[in-house]
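When reading the values below, keep in mind they use all heavy atoms of this one structure, side chains included, and skip hydrogens, waters and symmetry mates. So that the names make sense, note that chain A is the first sequence line, chain B the second, and so on, each numbered from 1.
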Amino acid sequence: MTVRTRFAPSPTGMLHLGGARTALFNWLWARNQGGKFILRIEDTDKERSTLESVDEILASLKWLGLEWDEGPFFQSQRTALYDQKVEHLLREGKAYRCYCTKEELDASRAALEAAGKKPMYNRACRDKGLGDPLQPHVVRIKAPLTGITSFTDSLRGVVEFNNAELDDFVIRRTDGGVMYNFVVVVDDAEMGIAHVIRGDDHLANTPKQILLYKALGYGIPRFTHVSMILGPDKKRLSKRHGAESVMAYRDMGYLPDAMLNCFARMGWGFGNQEIFTRQELIEKFSLDKITMSPAVFDIAKLDSINMQHMKITPDAELARLALPFLRKTRPDATAEKLAAIVPLLKERSRTLVELAAGAEWFFTKDVVYQPDAAAKFLAEKARPALEASIAAIDAAPVMGHNELKGAFTDLAAKLGMGLKDIAQPVRVALTGGTVSPGIFEMMEVLGKEETVRRLTAALNR
RNA sequence: GGCCCCAUCGUCUAGUGGCCUAGGACAUCGCCCUCUCACGGCGCAAACACGGGUUCGACUCCCGUUGGGGCUACCA
């Protein structure tokens, strides 16, 4: 039987890091097992669900490359199925209509709480018969009062809950809308999801869902509850912690594969390996190596992983990915030109944003000198070095960085100065700043004419 | 409050009773390389939350405490 997993976000906001990791684990397991990955949008909350969120979530998954095989299915379009299932439960006496008002419920709950008890529904309507379907009502599940509901989590083993803890929870609202715990069961069962992988915030919901699986006559799936991702303060990652949406990381210049690698390493390990390609992740992923304790997201680690991935990304591909960032300041830049200098940049950039920033010097026509840099390295005393550099380049038979370095080393010796006494003025002349790739590599890609032009301009400024 | 889950360096983790003098990675610090910044190389510092058991032997198993997280809605 083919493995079918699903990711079922509710469109009430952006796709955040935790959700993306859950999606990744589902996707990885499906891919690893040669199964199907299904996308389902849980938009049963009419109040909070938005179309913008749907678009954002879809775009995020696409950017990450977590392509789904079926869907997206929208629960808002499957109400007929849910109603049919609710009626079925009602007919079988496994659910009942409840006519209690909000006020009655609140009062009852408050009383229980005051008495130090769990604020559950008092089950006032449980044994009143089915009642009038035309009167405003909710439908509640008739949960067992005693006994134990247990299930096996593939990471934690058997987890047990006392049925006395379970409530006669609402499965359909007064307005006819169905509730999460109900639809998730109907859909997972109807969609053939035999393996539910989700956040462990759903662990305590699971017994309720088991009740429903049984009441509806469905087989119980295998559950794997993955721990949450926390912020630096060990609280669940949220807006407070700054960037939490996947798209924010795209905009900060991180690679999709690096994001996946980072997500995977939070809560999953494969020996001491740190860097995984997408393909390796698929091949090596297994549910039993998932860790149970929550992980704190560390952007410094992401930076490091991203740099590693940039190094293994082909230059042309990296240029294509970085181009949009560079275009913000250099609209005339092309991927071809950028690709030529990517080798000089990829080793010293943690993100595409840094890479694009590091490429500025190549695309500028007139070098803009940073005041401090110019004052320090383009002062009058730099004139001999600069003039000698121009002469050396003019005389250079080839503009290869190795040859140039040799020529400049000889030059420095002849002038009785260190290479750095020449290099820094040249660097500032070439780029306007003091931080850049190696000057000889830059000269090589700039070419003799442009190199001399920039050095001359610095001399005549 | 009740119920459930979790607990190894600052962070992510390896570790499934002896292989642990607890390994790796990131970050930090130091050194080397060096035309700047990085990369890279080498190195220092850094953890089994606590208390009881079980066992010849516990990071590993059990119980408790503490800490953190989650659920407890006509949210998902």
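- Put simply, Lys311(A) has a side-chain N or O that comes within less than 4.0 Å of OP1 or OP2 on G40(B).
- Nucleic acid contact class of Thr434(A) (heavy atoms, under 4.0 Å, all strands): base.
- At the heavy-atom level, Glu160(A) lies under 4.0 Å from the strands shown only through sugar-phosphate atoms.
- Close to A76(B), at under 4.0 Å from its OP1 or OP2, lies a side-chain N or O of Thr44(A).
- Checking Leu155(A) against Asp167(A), the closest nucleotide of RNA chain B that is more toward the 5' end is the one next to Leu155(A).
- A donor-acceptor contact under 3.5 angstrom links the side-chain atoms of Asn205(A) to the base of A76(B).
- Checked by distance alone, Ser227(A) brings no side-chain donor or acceptor within 3.5 Å of a matching partner on the base of C6(B).
- Under the Watson-Crick or G-U wobble criterion, with both distances below 3.5 Å, U34(B) has no partner in any strand shown.
- Here the closest heavy-atom approach between residue Val158(A) and residue Ser150(A) is recorded as CG1-CB, 4.2 Å.
- The nearest pair of heavy atoms linking Ala356(A) to Leu326(A) is O-CD1, 3.4 Å.
- Within 4.0 Å (heavy atoms only), Met120(A) reaches no atom of the nucleic acid at all.
- Across the strands present, A58(B) finds no partner; the criterion is a Watson-Crick or G-U wobble pair with both atom distances under 3.5 angstrom.
- Within 3.5 Å, no donor on the side chain of Arg348(A) pairs with an acceptor on the base of C39(B), nor the reverse.
- Look at Arg109(A) and you won't find any side-chain N or O under 4.0 angstrom from OP1 or OP2 of G1(B).
- At least one test fails for Lys128(A) against the ring of Tyr96(A): distance under 6.0 Å to the centre or angle within 45° of the axis.
- Listed candidates were C4(B), C26(B), G24(B). Nearest to the side chain of Phe161(A) is C4(B).
- Asn272(A) contributes a side-chain N or O that forms a donor-acceptor pair with the base of G23(B) under 3.5 Å.
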(request) Apply side chain to side chain contact (heavy atoms under 4.5 Å, CB included) to Asp303(A) and Tyr254(A), showing your working. (result) CA-CA 8 Å; Asp303(A) 280 338; Tyr254(A) 294 99; 2.6 Å; yes
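- A 3.5 Å limit on both hydrogen-bonding distances identifies U11(B) as the Watson-Crick or G-U partner of A25(B).
- In terms of phosphate contacts, Arg173(A) brings a side-chain nitrogen or oxygen within less than 4.0 Å of OP1 or OP2 of C75(B).
- Under 4.0 angstrom from either OP1 or OP2 of C71(B) there lies at least one side-chain N or O belonging to Arg236(A).
- Residue contacts for Val138(A): at a heavy-atom cut-off of 4.0 Å it reaches a base atom on one of the strands shown.
- Residue Lys234(A) is the one, among Lys234(A) and Lys301(A), whose nearest nucleotide of RNA chain B lies closer to the 5' end (criterion: closest heavy atom).
- Using a 4.0 Å cut-off between a side-chain N of Lys or Arg and a carboxylate O of Asp or Glu, Arg236(A) and Asp201(A) qualify as a salt bridge.
- For a distance-only test at 3.5 Å, the side chain of Glu113(A) fails to qualify as a donor-acceptor partner of the base of G1(B).
- Within the nucleic acid shown, Gly358(A) has no heavy atom closer than 4.0 Å to any nucleic acid atom.
- No engagement by Val426(A) is indicated, since no non-hydrogen atom pair under 4.0 Å with the nucleic acid exists.
- Within 4.0 Å (heavy atoms only), His225(A) reaches no atom of the nucleic acid at all.
- Searching all strands for a Watson-Crick or G-U wobble partner of C50(B) with both distances below 3.5 Å returns G64(B).
- Here Pro119(A) lies in heavy-atom contact (under 4.0 Å) with a base.
- The cationic group of Arg40(A) does not satisfy the cation-pi geometry with Phe7(A), failing either the under 6.0 Å distance to the six-membered ring centre or the 45° limit from the ring axis.
- Among the heavy atoms of the strands lying under 4.0 Å from Arg156(A) are primed sugar atoms or P, OP1, OP2 only; no base atom is included.
- When all heavy atoms of Gly199(A) and His225(A) are compared, the pair lying nearest together is O-CD2, 3.5 Å.
- If you check every strand for non-hydrogen atoms under 4.0 Å, Gln75(A) touches nothing.
- Close to U13(B), at under 4.0 Å from its OP1 or OP2, lies a side-chain N or O of Thr291(A).
- When Watson-Crick and G-U wobble pairs are counted only if both distances are under 3.5 Å, C3(B) pairs with G70(B).
- Among the protein residues, Leu203(A) comes within range of the sugar-phosphate backbone only, with heavy atoms under 4.0 Å from sugar or phosphate atoms but none that close to a base.
- Within the 4.0 angstrom heavy-atom criterion, only backbone atoms of the sugar-phosphate kind lie near Lys208(A); the bases stay farther away.
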